Amino acid sequence: MKTYIAVLTIILCTCVQAHWQVVQQWPAPTSPHYEPTWESLDQRPIPQWYQEAKFGIFLHWGLFSVPAVKAWLWYLWKGPNPEMDIVQYMQDNYPPDWTYADFGPLFKAEFFDPYLWADIFNASGARYVVLTSKHHEGFCMWPSKYSWNWNSMDVGPNRDLVGDLASAIRAKTNLKFGLYHSLFEFFNPLYLADKKNSFTTQDFVRSKTMPELYELVNRYKPEVVWSDGDWEADSKYWNSTNFLSWLYNDSPVKDTVVTNDRWGSDTNCKHGGFFTCNDKYNPGTVQKHKFEDATIMDKYGWSYRDQVKASDINTMDELTQLLAEVVSCGGNLLLNVGPTKEGRIAAIFEERLRQMGQWLGVNGEAIYATTPWIRANDTVTPGVWYTSKKSDSGDTDVYAIVLDWPQNDTLTLGVPGIAAGTKVSMLGYSRPVSFTRNPQGQMVVNMPVIPFYQMPCDYAWALKLQGLANA
Ligand SMILES: *[C@@H]1O[C@H](CO)[C@@H](O)[C@H](O)[C@H]1NC(C)=O
Ligand SMILES: *[C@@H]1O[C@H](CO)[C@@H](O)[C@H](O)[C@H]1NC(C)=O
Ligand SMILES: *[C@@H]1O[C@H](CO)[C@@H](O)[C@H](O)[C@H]1NC(C)=O
Ligand SMILES: *[C@@H]1O[C@H](CO)[C@@H](O)[C@H](O)[C@H]1NC(C)=O
């Protein structure tokens with residue numbers, strides 16, 4: 001009996017203690033409540049992780065990866081204004097009665113190894129990945145309750161591609177997982193009916209778009225919801241503000257999720273989370289609002305192309321330039337790669353991604369978690385882009401990313417102000433770098449003559465400028 005009482009007391013005490021702890025932890029810091037209006041939604045700060053991430057990978061993968069010509073193939077072939085090249089291509093390469101749906105069974109993703117993808121993405125130095133869950137063709141890359149026979153479980157791979165990639169990324173890496181989703185679908189009869197009614201009816205939104213978005217968020221908890229396909233109708237038709245207020249107030253990712261600005265013909269570059277404006281948005285000057293440059297590694301397409309050539313692929317010189325420009329202006333770079341219908345990241349994309357990771361391994365300090373400096377680029381020497389960061393001692397360090405090594409090893413910089421304690425070094429190179437002041441008072445850096453085996457990288461060198469007068 002005594003033991004019984006003792007045990008009971010212990011249990012009771014533990015419970016009271018546990019309860020007390022719960023009470024002490026409650027209430028949690030109250031998160032703000034967002035109304036379903038743009039005025040309210042636009043107040044939400046961009047989560048810190050996204051501010052610091054700077055570099056993400058975009059994946060355009062879907063049924064269009066089977067013909068492997070263009071993500072818009074269906075529309076350019078069968079839409080109101082066909083593109084003659086595409087019509088001819090289909091005539092030359094497919095039987096006369098071929099339909100777009102016939103690509104379904106040919107999409108097998110038989111070599112899709114999400115763990116290999118996770119390894120490549122992690123090695124690239126990217127901090128997030130965004131996959132097309134559904135492009136404008138309407139084909140869902142997950143077993144959606146709202147898509148009968150037009151999804152990757154019922155047709156083609158017989159696999160939950162979204163879920164399998166989400167699990168592998170989360171199991172193997174610290175990258176954030178995000179989803180692209182197209183609001184409209186080229187030929188969905190419900191959408192076309194709403195459109196015929198000048199978007200005064202919302203049958204497509206009510207029965208397809210919105211249920212799909214809630215399903216995606218509840219099931220896969222994406223930390224980026226990258227909306228697209230919004231432009232034919234305004235955000236009232238799409239019911240976007242109602243969805244976003246739920247996303248920010250009550251969804252399972254309410255505190256960490258980031259969205260873009262493609263929520264209706266009235267929102268692009270104006271409302272939402274980060275601004276994408278037009279595709280390949282690279283403004284060249286410091287921006288007030290967080291932006292993302294969504295751009296392509298294959299200069300001629302978002303989805304994998306059978307006819308891709310090595311010369312179509314951005315070089316590392318071009319990619320480091322792009323990253324430096326975008327980050328200096330306050331943006332993130334979302335670099336697109338198109339996986340193949342077999343579920344492979346083609347070797348040339350893989351190599352480029354791994355090279356990005358090597359470059360970031362040396363120069364990441366000048367990229368991740370930086371903020372724009374007083375100017376995005378230098379005023380004297382072209383191709384020098386600045387970022388800045390508070391150091392542990394509370395000073396502001398400035399980074400000058402130098403895209404072209406100066407011919408005579410001297411680099412004149414118009415923006416940095418020299419002070420008594422100013423120090424210059426190069427990321428990945430251990431010796432200090434010397435500099436002088438020219439008659440105009442500008443900093444002239446003597447770029448070190450480095451033996452090739454000590455060269456920190458082959459393109460875009462980052463100088464660290466400490467103790468500047470105008471830091
Ligand atoms: C991911 O990349 C980081 C940085 O390169 C590396 O330290 C880490 O080991 C990688 N993780 C995996 C699972 O490969
Ligand atoms: C729009 O969202 C509200 C709030 O969630 C919902 O009550 C309404 O049914 C939605 N309308 C459509 C067309 O989806
Ligand atoms: C700085 O960048 C802007 C925008 O790209 C460009 O117009 C300007 O010429 C650049 N400055 C120099 C010195 O290259
Ligand atoms: C180095 O080259 C730059 C650009 O061509 C030129 O402006 C500068 O005068 C040169 N400096 C020296 C020391 O030759």
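Since this is a predicted model, take the numbers as computed values, not measurements. All ligand and atom numbering here is 1-based and tracks the order in the structure.
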Please output the side-chain donor-acceptor pairs of residues 463-471 that fall under 3.5 Å, not counting sequence neighbours, one pair per line with the distance.
unit_1	atom_1	unit_2	atom_2	d
Lys464	NZ	Glu365	OE2	2.7
Asn470	OD1	Gly417	N	2.8
Asn470	ND2	Val415	O	2.8

What I'd like to find out is whether the side chain of Leu323 reaches to under 4.5 Å of the side chain of Leu360, using heavy atoms alone. yes
Atom indices of ligand 3, in the order listed, that fall short of 4.0 Å to a heavy atom of Asp378: 11 (N), 12 (C), 13 (C)
Minimum-distance protein heavy atom relative to atom 1 (C) of ligand 3: Asn377 ND2, 1.4 Å
Salt-bridge present (Arg354, Asp119; N to O < 4.0 Å): yes
Specify side chain, backbone, both or neither for Thr285, according to which of its non-hydrogen atoms lie closer than 4.0 Å to ligand 3. neither
Using distance only, find each side-chain donor-acceptor pair of residues 423-437 under 3.5 Å and give its atom names and separation, not counting sequence neighbours.
unit_1	atom_1	unit_2	atom_2	d
Ser434	OG	Asn446	ND2	2.9

May I ask you to identify the nearest protein heavy atom to atom 14 (O) of ligand 3, giving residue, atom name and distance to one decimal place in Å? Pro382 CA, 3.3 Å
Is any heavy atom of the protein nearer than 4.0 Å to atom 7 (O) of ligand 3? no
So, do Trp117 and Phe112 have ring centers that fall under 6.0 Å from each other? yes
So, for Trp461 and Trp405, is the gap between ring centers shorter than 6.0 Å? yes
Top protein contact for atom 13 (C) of ligand 1, by heavy-atom distance: Lys172 O, 3.1 Å
Judged by heavy atoms only, the candidate from Pro283, Cys329, Gly284 nearest atom 4 (C) of ligand 3 is Gly284
Looking at Gln202, which atoms of ligand 2 are within less than 4.0 Å of one of its heavy atoms? 13 (C)
Contacting atoms of ligand 2, where contact means under 4.0 angstrom from a heavy atom of Asn242: 1 (C), 2 (O), 3 (C), 4 (C)
Looking only at protein heavy atoms, which one is nearest to atom 12 (C) of ligand 1, and what is the separation? Asn122 ND2, 3.2 Å
Which residue and atom name correspond to the protein heavy atom nearest atom 10 (C) of ligand 2, and how close is it? Asn239 ND2, 2.3 Å
In terms of heavy-atom contacts, does OH of Tyr300 have more than 12 from other residues, nucleotides or ligands at under 6.0 Å? no
State, without any angle test, whether Ser227 and Asn260 hold a side-chain donor-acceptor pair at a distance under 3.5 Å. no
